[in-house]
Student: 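A single structure is presented below for examination.
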Amino acid sequence: NYVNFADGTSGNAAYRGFLKYDHNNDNMTLGTSAASAMVIDANGVITNQNPSFRAMGTNGAYQTTSPVPFNSVTGSGGHNTGSHYNTSNYRFTAPVAGRYLFTVHMGIINITANGGLGYPYLRINGTPIAYSYYQFPASATYVGGFVTQIFSLSASDYVDVTFNGSNGQYYGNYTELSFSGCLIG
């Protein structure tokens, strides 16, 4: 049976804003359809089905490719809940309007010449929004590059990562290169 928190009625009518308790499996679910957005099991463990992803690079070499090729969502902690991250164009596309948290991890940026620079950039719909900038007076300087932001997105907005600079490159293996995000509200 479903309870509608919007108007206090019960039944199987619309599923919008409904809480379901399944006494056969001793589970409680909350969602807008029979496919639940949240499950609370008999032990009180909550599983959230909001869109989220963790994509990683797979090229164990230095590179300057942009947009940054986060082309794997499997293994090593990768996931793609809701399948809204595309491993071909390296974009997350918002399925619904809301606030989303994004994190870019570039574990190794190598500045290869005096005065060189490099920086990861988060973009929304191709427009640069936020970056971390690294410039050093000496060559063969290594630094980690990280960006964390909360964006308010409309449905169908996309977010990706570029790498800019001169005489800078990043290492593209899964332990050094990842991009993650999730809907937070």
Side-chain angles (χ1 to χ4, degrees), residues 37-39 45-96 98-153 157-185:
M38 179 175 59
V39 175
V45 176
I46 299 171
T47 305
N48 188 334
Q49 298 301 317
N50 278 342
S52 70
F53 72 96
R54 179 176 184 263
M56 300 144 302
T58 59
N59 182 358
Y62 283 101
Q63 58 191 317
T64 59
T65 306
S66 192
V68 178
F70 301 99
N71 56 351
S72 175
V73 292
T74 59
S76 304
H79 69 278
N80 194 6
T81 303
S83 299
H84 302 291
Y85 181 80
N86 186 318
T87 57
S88 297
N89 64 14
Y90 321 123
R91 293 177 178 175
F92 171 81
T93 302
V96 296
R99 289 175 319 220
Y100 292 80
L101 171 68
F102 294 97
T103 300
V104 176
H105 172 88
M106 287 187 160
I108 303 173
I109 295 176
N110 179 15
I111 305 302
T112 61
N114 293 344
L117 54 101
Y119 50 100
Y121 230 125
L122 276 167
R123 302 186 312 173
I124 298 175
N125 301 327
T127 300
I129 302 295
Y131 66 94
S132 286
Y133 182 88
Y134 306 95
Q135 182 175 20
F136 294 94
S139 63
T141 301
Y142 299 89
V143 65
F146 312 99
V147 182
T148 301
Q149 293 287 305
I150 296 173
F151 295 139
S152 183
L153 301 178
D157 282 349
Y158 72 85
V159 177
D160 64 0
V161 179
T162 61
F163 184 78
N164 298 303
S166 63
N167 299 307
Q169 55 190 1
Y170 59 89
Y171 199 76
N173 201 5
Y174 72 95
T175 56
E176 288 87 13
L177 187 65
S178 65
F179 175 36
S180 58
C182 64
L183 174 65
I184 58 173

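Only a predicted model underlies this, so the values are computations on that prediction, with no experimental measurement involved. When a residue number appears, it is its place in the shown sequence, counting from 1. Worth knowing before you read on, the calculation uses all heavy atoms, side chains too, and leaves out hydrogens, waters and symmetry mates.
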Student: Taking the six-membered ring for Trp, are the ring centroids of Phe92 and Tyr100 within less than 6.0 Å of each other?
Tutor: yes
Student: Do you know the tightest heavy-atom contact between Gly75 and Met56?
Tutor: O-CE, 3.4 Å
Student: For the OH atom of Tyr174 and the CG atom of Asn59, what is their distance to the nearest 0.5 Å?
Tutor: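 Output value for this atom pair is 14.0 Å.
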Student: Tell me the closest heavy-atom pair linking Pro120 and Ile109, and the distance in Å.
Tutor: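 Scanning both residues, the minimum pair turns out to be CD-CD1, 4.1 Å.
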Student: Restricting to non-hydrogen atoms, name the atom on Ile111 and the atom on Gly168 that form the minimum distance, rounded to 0.1 Å.
Tutor: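 Reported closest heavy-atom pair: CD1-CA, 4.3 Å.
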Student: Indicate the atoms forming the closest heavy-atom contact of Pro67 with Arg123, along with that distance.
Tutor: CG-NH2, 4.3 Å
Student: Determine whether more than 12 heavy atoms belonging to other residues, nucleotides or ligands lie under 6.0 Å from atom OH of Tyr131.
Tutor: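 Atom OH in Tyr131 is not packed in, count stays at 12 or less.
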Student: Rounded to the nearest 0.5 Å, what separates atom OG1 in Thr87 from atom CZ in Phe70?
Tutor: 13.0 Å
Student: Please lay out, stage by stage, how Leu117 and Tyr119 fare under the test side-chain contact (heavy atoms from CB on, under 4.5 Å).
Tutor: CA-CA 7 Å; Leu117 54 101; Tyr119 50 100; 3.5 Å; yes
Student: Can you tell which of Leu122, Thr103, Val147, Val73 makes a side-chain contact (heavy atoms from CB on, under 4.5 Å) with Phe179?
Tutor: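 With Phe179 as partner, Leu122, Thr103, Val147, Val73 yield a single side-chain contact (heavy atoms from CB on, under 4.5 Å), made by Leu122.
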Student: Could you give the distance from CG (Leu183) to NE2 (His84), rounded to the nearest 0.5 Å?
Tutor: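 Reported value, rounded in 0.5 Å steps: 9.5 Å.
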Student: With a 4.5 Å heavy-atom cut-off, do Tyr90 and Val161 have their side chains touching?
Tutor: no
Student: Any chance you could lay out the side-chain contact (heavy atoms from CB on, under 4.5 Å) test for Ile129 and Phe102, step after step, and finish with the verdict?
Tutor: CA-CA 12 Å; Ile129 302 295; Phe102 294 97; over 6 Å; no
Student: Take Tyr85 and Arg91, measure what side-chain contact (heavy atoms from CB on, under 4.5 Å) needs, and give me the verdict at the end.
Tutor: CA-CA 6 Å; Tyr85 181 80; Arg91 293 177 178 175; 5.7 Å; no
Student: Using every non-hydrogen atom in the two residues, find where Ser66 and Phe163 come nearest and quote the distance to one decimal.
Tutor: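 Minimum heavy-atom contact is OG-N, 3.0 Å.
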Student: Can you tell me how far OG1 of Thr81 sits from CG of Asn50, rounded to the nearest 0.5 angstrom?
Tutor: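 Output value for this atom pair is 9.5 Å.
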Student: Using atom types as modelled and distance alone, determine if a side-chain donor or acceptor of Asn125 lies under 3.5 Å from a backbone N or O of Tyr158.
Tutor: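 Confirmed, Asn125 side chain pairs with Tyr158 backbone.
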Student: Between Asn86 and Ser88 (side chain of the first, backbone of the second, donor and acceptor by atom type, cut-off under 3.5 Å), is there such a pair?
Tutor: yes
Student: Any side-chain heavy atom of Met106 within less than 4.5 Å of one from Ser132?
Tutor: no
Student: Taking atom OG of Ser72 and atom CG of Asn80, what is their separation to the nearest 0.5 Å?
Tutor: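 So the gap between those two atoms works out to 10.5 Å.
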Student: Between atom CG of Asn110 and atom CZ of Phe136, what is the distance when rounded to the nearest 0.5 Å?
Tutor: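 Result: 10.5 Å between the selected atoms.
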Student: Grab the two heavy atoms, one from His105 and one from Thr175, that are nearest each other, plus how far apart they are.
Tutor: NE2-O, 3.8 Å
Student: With sequence neighbours left out, write down each residue that passes side chain to side chain donor-acceptor pair (under 3.5 Å) with Arg54, or none if nothing qualifies.
Tutor: none
Student: Holding to ring-ring contact (aromatic ring centres under 6.0 Å, His included), I want the full list of residues that pass it with Tyr62, two or more places apart in sequence or in another chain.
Tutor: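 Residues passing ring-ring contact (aromatic ring centres under 6.0 Å, His included) with Tyr62: Tyr171.
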